[in-house]
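Values reported hereafter were calculated over all heavy atoms of this structure, with side chains retained and with hydrogens, waters and symmetry mates removed.
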Amino acid sequence: MEASFQSLSLSSCLLLLIISLIYLSSVLLTPNRHRKLPPSPPSLPIIGHLHLLKPPLHRTLHRLSQSLGPIFSLRFGSRLVVIVSSPSAVEECFTKNDIVLANRPMFLSGKYFAYNYTSIVATPYGDHWRNQRRLMSLEIFSAS
């Protein structure tokens, strides 16, 4: 009885220590904490804003845009997501900043499974991506 209580208390202390270390490392290792981000509702440490998303998703996002404004940010786990719900802001995003927004996120899986971000699935926008797109349209998707 005493041994099980000791092992339970030891394992719970270790779990709390691990969770606090993960949270502190994410806070301390986040570069440039003073960057200007759109408004955001309060989030939980590890899951971020995932607890706010309920079906139907479009109504949840509409309710958040009514309270936070047309541009707001959410954190899905460790990923930052910026939601733009105003047509004029969307037009500005896709006409003036289209090159910046055309990139894909750099996931760790792209480094190891996509040959250091060189496959067509994980390649960031640029010369290499344009060359791969040209080769695919000529060699794979052509009639010959």
Closest non-hydrogen atoms of S78 and R75, given as atom of the first, atom of the second and distance, are O-NH1, 3.2 Å
Do you know the tightest heavy-atom contact between S40 and S73? OG-O, 3.1 Å
What closest approach, in Å, do L52 and P41 show between heavy atoms, and which atom pair accounts for it? CD1-CG, 3.7 Å
Once rounded to the nearest 0.5 Å, what's the spacing between atom OG of S43 and atom NE2 of H51? 7.5 Å
4.5 Å side-chain heavy-atom contact, L68 and I83: no
Is there a path of hydrophobic side-chain contacts, each under 4.5 Å between heavy atoms of I, L, V, M, F, W or Y residues, that connects L64 with V81? yes
Linked, directly or transitively: L138 and I120 (ILVMFWY side chains, under 4.5 Å): no
Give me the ring orientation class for Y125 and W129: parallel if the planes are under 30° apart, tilted from 30 to 60°, perpendicular past 60°. tilted
Please say yes or no: joined through hydrophobic side-chain contacts below 4.5 Å, possibly via intermediate residues, are V84 and F94 part of one cluster? yes
Is a side-chain N or O of T60 found less than 3.5 angstrom from the main chain of L53, in a donor-acceptor match? no
What's the shortest heavy-atom distance between R79 and M106, and which atoms? NH2-O, 3.4 Å
Looking only at heavy atoms, what is the nearest atom pair of I71 and A89, with distance? CD1-CB, 3.9 Å
Point-to-point distance, once rounded to the nearest 0.5 Å, from OG of S142 to CE of M136: 11.5 Å
Distance-minimising heavy-atom pair for H49 and P42: CD2-O, 3.6 Å
Other residues, nucleotides and ligands only: do more than 12 of their heavy atoms fall within 6.0 Å of CZ on R104? yes
Once rounded to the nearest 0.5 Å, what's the spacing between atom CZ of F107 and atom OH of Y117? 9.5 Å
With hydrophobic residues grouped by side-chain heavy-atom distances under 4.5 Å, do L57 and F76 end up in a single group? yes
Check whether L50 and L74 end up in the same hydrophobic cluster, where Ile, Leu, Val, Met, Phe, Trp and Tyr are linked by side-chain heavy atoms less than 4.5 Å apart. yes
Q132 and side-chain hydrogen bond (donor to acceptor under 3.5 Å, both in side chains): which single residue from H128, R130, R134 fits? H128
Under 4.5 Å between any side-chain heavy atoms of S85 and L61, yes or no? no
